[in-house]
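These numbers were taken from a predicted model, which means no experiment stands behind them.
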Amino acid sequence: MTGVVTGLVCAVCGARESIATPLSWLCPNATLSDRHHVLHFESSVEPFRPTDDVNPYLAFRRYLAVDSLGESLGLSDAQRVSIITSADEAVSRVAGTGFLRTPLTRSDKLSEALGFSATGGIWVKDETANVGGSHKARHIFTELLHLLMVEAAGRAPWTPTTRPSLAIASCGNAAIAASTLAAAMSWPIAVHVPPTASAAVLATLEKLGATIVVCPRRDTDPAGDPCVLRFREAVAAGAIPFGVQGTENAWCLDGGRTIGWEITEELGHFADRIFVQAGGGALAACVGSSMRIAGVHPKLHAVQTQGCAPLERAWKNAIATGGARNAGPRWSECMWPWEETPSSFADGILDDETYDWISVLDAMADTGGSPVVVTEDQLHRAYDLVRNVGGFNSCATGISGFAGVLAMRDSISDDERIVVIVSGVSRL
């Protein structure tokens, strides 16, 4: 089997990396002071024909960049499969589950509550039972596979006994996902969190053996998240980026696509719209790119809150400065940190920058979608409906995509088929 991913290209400056380049997580022109670069995967045009394996990294292996990397490094088909299955088994021993396809079902109760017809309605892609309780591990697992394949090919500048620390900036589901995968491989990890990180999350991280680095804002810090600033300093000192921002590690934009491909297999051309929560934007970016590869084009709506909505601002600015597509070279004109202190009931999507905004804008422009900014009232109503009517055990962040449906309901036909990703198990 030959992979279809042929290389990486920066969506901002156009710099290219070979698919065979080990540890290729940053654009070669990115620096510690200039992160306005992001590598995207380039693929050959191929029919979308996944296998029926229950493990998504095997089912969609042909379309994953990490498999093309392993092949280009000289690893056999059997070696690449073994790396995936062995890592998945190790994750299962720590998390109690490995990576499996997650359910996509029509919620009759939510559909009825919102007045949809029998042919339309709400289809929920439920990620709450995924590894770590959210979609985040889907992204990070391909970062892990990248490292393991580079090691197996003898191309890593370390040995399995001298591995450098992994690093992530997160105070929620991404931190738990990354720490779960790190624990599965006995790989050290430093998690950079704000002083406001919840006690429940910190307790989980400690149980998983992560090193917790609390990151208060310093008077000398530039605009932006201080956790991200400290994380970047750690990476500059030798740590490996292990999070869900494509600007920091492009390989997180690989595995997240499996969620979109699963939706494609089950609903395909029958889906009319997809609503996706957007903090840093990796999930929406992955769903958008997965649909493009699979050849389906439901309208993509990326949802943020009134308390932190840099993506909608970027969308408007991009349209005003040359168009929403291919806005990467206009980064400074479109995307910058949210000036106000981010605040919302859905506190997991309060990234003051939508780091992967370029892919999200491309996908919304290509599909006729748009960003959606929801009110706190809509978030609270969505939380009540998803949990008490729909029966999904999600946190406030995980229901924010559904809040976008509430915000747009008056402009959605009763016969439309709407997909909502519910991700982030409640830890209360």
Side-chain angles (χ1 to χ4, degrees), residues 46-60 62-64 99-130 134-135 138 255-278 283-303 359-360 362-364 366-370 372 382 385-386 390-392 394 398-406 408-409 411-423:
E46 300 278 348
F48 185 64
R49 294 171 182 164
T51 70
D52 60 359
D53 200 288
V54 296
N55 182 321
Y57 298 93
L58 296 177
F60 305 108
R62 174 178 171 77
Y63 308 95
L64 287 170
F99 288 98
L100 301 170
R101 294 170 182 259
T102 49
L104 174 68
T105 56
R106 185 182 189 273
S107 173
D108 296 339
K109 291 181 179 179
L110 290 177
S111 301
E112 181 180 349
L114 269 63
F116 282 96
S117 71
T119 55
I122 304 293
W123 273 257
V124 176
K125 180 68 167 169
D126 184 7
E127 294 291 306
T128 59
N130 208 338
S134 77
H135 67 280
R138 292 269 195 141
R257 298 183 295 177
T258 58
I259 296 172
W261 288 326
E262 288 175 22
I263 294 171
T264 295
E265 278 203 303
E266 297 196 46
L267 273 185
H269 294 277
F270 295 102
D272 294 300
R273 300 177 193 261
I274 298 180
F275 287 79
V276 185
Q277 65 190 58
L283 177 59
C286 285
V287 170
S289 64
S290 70
M291 297 294 170
R292 184 167 58 253
I293 290 171
V296 298
H297 304 286
K299 293 178 181 178
L300 179 70
H301 298 286
V303 182
S359 289
V360 183
D362 283 352
M364 292 191 296
D366 287 345
T367 62
S370 61
V372 183
L385 285 169
V386 168
F392 297 95
S394 178
I399 55 80
S400 50
F402 184 69
V405 180
L406 299 183
M408 287 190 64
R409 181 63 185 93
S411 61
I412 298 174
S413 165
D414 293 349
D415 295 327
E416 288 191 51
R417 297 177 176 91
I418 309 300
V419 176
V420 174
I421 298 173
V422 171
S423 180

Contact between [X] and [Y] at the side-chain level, heavy atoms closer than 4.5 Å - yes or no?
X      : Y      : answer
Leu64  : Thr258 : yes
Leu406 : Leu385 : yes
Ile418 : Phe275 : yes
Gln277 : Ile421 : no

What distance separates [X] [atom1] from [Y] [atom2], expressed to the nearest 0.5 Å?
X      : Y      : atom1 : atom2 : result
Phe402 : Ser394 : CZ    : OG    : 11.5 Å
Cys286 : Met291 : SG    : CE    : 11.5 Å
Arg417 : Ser111 : CZ    : OG    : 11.0 Å
His297 : Thr367 : NE2   : OG1   : 9.0 Å
Ser370 : Arg273 : OG    : CZ    : 7.5 Å
Ile274 : Thr264 : CD1   : OG1   : 7.0 Å

Checklist line | Residue pair Thr128 / Asp126, side-chain donor-acceptor N/O under 3.5 Å | finding: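 Distance-only check passes for Thr128 and Asp126.
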Next item on the list: Sequence neighbours left out, what passes salt bridge (Lys or Arg N to Asp or Glu O under 4.0 Å) with Arg101? Give chain and number order.
Entry: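 Arg101 satisfies salt bridge (Lys or Arg N to Asp or Glu O under 4.0 Å) with Glu265 only.
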Heavy-atom closest pair, residues [X] and [Y]:
X      : Y      : answer
Ala382 : Ile399 : CB-CD1, 3.8 Å
Ala285 : Val360 : N-CG2, 3.7 Å
Met364 : Leu300 : CG-O, 3.3 Å

Margin query: If the test is side-chain contact (heavy atoms from CB on, under 4.5 Å), which one of Val420, Val372, Val405 qualifies with Val303?
Written below: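 By the side-chain contact (heavy atoms from CB on, under 4.5 Å) criterion, Val303 pairs with just one of Val420, Val372, Val405: Val372.
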Next item on the list: Dump the intermediate steps for side-chain contact (heavy atoms from CB on, under 4.5 Å) on Ile259 and Leu283, then the final yes or no.
Entry: CA-CA 9 Å; Ile259 296 172; Leu283 177 59; 3.9 Å; yes
Please confirm whether the backbone N or O of [Y] pairs with a side-chain atom of [X], one donor and one acceptor, at under 3.5 Å?
X      : Y      : value
Arg409 : Leu114 : yes
Arg257 : Gly260 : no
Ser423 : His135 : yes
Trp261 : Ala294 : no

Which pairs of donor and acceptor atoms, one on a side chain in residues 116-125, lie under 3.5 Å apart (sequence neighbours left out)?
residue : atom : partner : partner atom : Å
Ser117  : OG   : Thr119  : N            : 3.4
Ser117  : OG   : Thr119  : OG1          : 3.1
Ser117  : OG   : Gly120  : N            : 3.2
Ser117  : OG   : Asp414  : O            : 3.1
Ser117  : OG   : Asp415  : OD1          : 2.6
Thr119  : OG1  : Asp415  : OD1          : 3.4
Lys125  : NZ   : Thr102  : O            : 2.7
Lys125  : NZ   : Thr102  : OG1          : 3.1
Lys125  : NZ   : Glu262  : OE1          : 2.5

Next item on the list: Can you run down the salt bridge (Lys or Arg N to Asp or Glu O under 4.0 Å) pairs that involve residues 104-122, sequence neighbours left out, and say none if there aren't any?
Entry: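 Found Arg106-Asp108.
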Notebook entry, point to check: What is the ring orientation for Phe48 with Phe60, classed by angle as parallel under 30°, tilted 30 to 60°, or perpendicular over 60°?
Noted result: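 Correct class here is parallel.
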